[in-house]
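By convention here, the first residue in the shown sequence is residue 1.
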Amino acid sequence: MTDVTVTTTDGLDGREVTEYLGVVSGEAIMGANVVSDIAAGIRDVVGGRSDSYEKKVEKGRTEALADIRMEAEELGADAVVGATFDYEEMGEGMLWVNLSGTAVRTRRQ
């Protein structure tokens, strides 16, 4: 795992942005299986939380974070600022998780 800091803010406390390296993104496409889809649907009908979908979303976020850190590191960045997640349903049972932000170099103040 890299030491690239990812933040939703425009900057980092105690660090000055010295160079903007460009937009980076991390993506994950998660598939759901029929059994967990049926179980999740039943829970949704009775008002419970869908653990199977929550775990898929969490896994998607983790994978997108790993991807964006790797892409930023390849550019020589030590941080990603302005990061935002986007979630989309792609067809039947597919979830797309996207994380994008700006790769930057920083220095301690």
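- Using a 4.5 Å heavy-atom threshold, the side chains of Thr106 and Leu12 count as touching.
- Screening Leu99, Val57, Asn98, Thr8 against Phe85 for a side chain to side chain contact (heavy atoms under 4.5 Å, CB included) leaves a single residue, Leu99.
- We find the CG-CZ distance between Asp78 and Arg107 to be 11.5 Å, quoted to the nearest 0.5 Å.
- Within the structure, the salt bridge (charged side-chain N to carboxylate O under 4.0 Å, His left out) test picks out the following pairs touching residues 19-29 (sequence neighbours left out): Glu19-Arg105.
- The existence of a salt bridge linking Glu73 and Arg69 is excluded, since no basic side-chain nitrogen approaches an acidic carboxylate oxygen closer than 4.0 Å.
- At least one side-chain heavy atom of Val104 sits less than 4.5 Å from a side-chain heavy atom of Val17.
- Partners of Glu74 by side-chain hydrogen bond (donor to acceptor under 3.5 Å, both in side chains), not counting sequence neighbours: none found.
- Closest non-hydrogen pair, Ala28 versus Ala64, comes out as CB-N, 4.5 Å.
- Grouping the Ile, Leu, Val, Met, Phe, Trp and Tyr side chains by contacts below 4.5 angstrom, directly or via other members, places Tyr87 with Val6.
- Note on Ile68 and Tyr20: separate hydrophobic clusters, where clusters join Ile, Leu, Val, Met, Phe, Trp and Tyr whose side-chain heavy atoms are under 4.5 Å apart, directly or indirectly.
- Each of Lys56, Arg61, Glu63 was evaluated against Lys59; a single residue qualifies, Glu63, per the side chain to side chain contact (heavy atoms under 4.5 Å, CB included) test.
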Next item on the list: Determine, stepwise, if the pair Thr5 / Arg15 fulfils side chain to side chain contact (heavy atoms under 4.5 Å, CB included).
Entry: CA-CA 11 Å; Thr5 301; Arg15 290 162 68 177; 3.4 Å; yes
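- Between Ala103 and Leu75, the shortest heavy-atom distance links the atoms CB-CD1, 4.1 Å.
- In the hydrophobic clustering of this structure, Val81 does not group with Val24; members are Ile, Leu, Val, Met, Phe, Trp, Tyr whose side-chain heavy atoms approach within less than 4.5 Å, directly or through other members.
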Notebook entry, point to check: Val80 and Thr102: side chain to side chain contact (heavy atoms under 4.5 Å, CB included), yes or no, with the steps?
Noted result: CA-CA 5 Å; Val80 175; Thr102 302; 5.8 Å; no
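- The closest side-chain heavy-atom distance from Glu88 to Leu95 is not below 4.5 Å.
- For the residue pair Ala72 and Val4, the shortest heavy atom distance occurs at CB-CG1, 4.0 Å.
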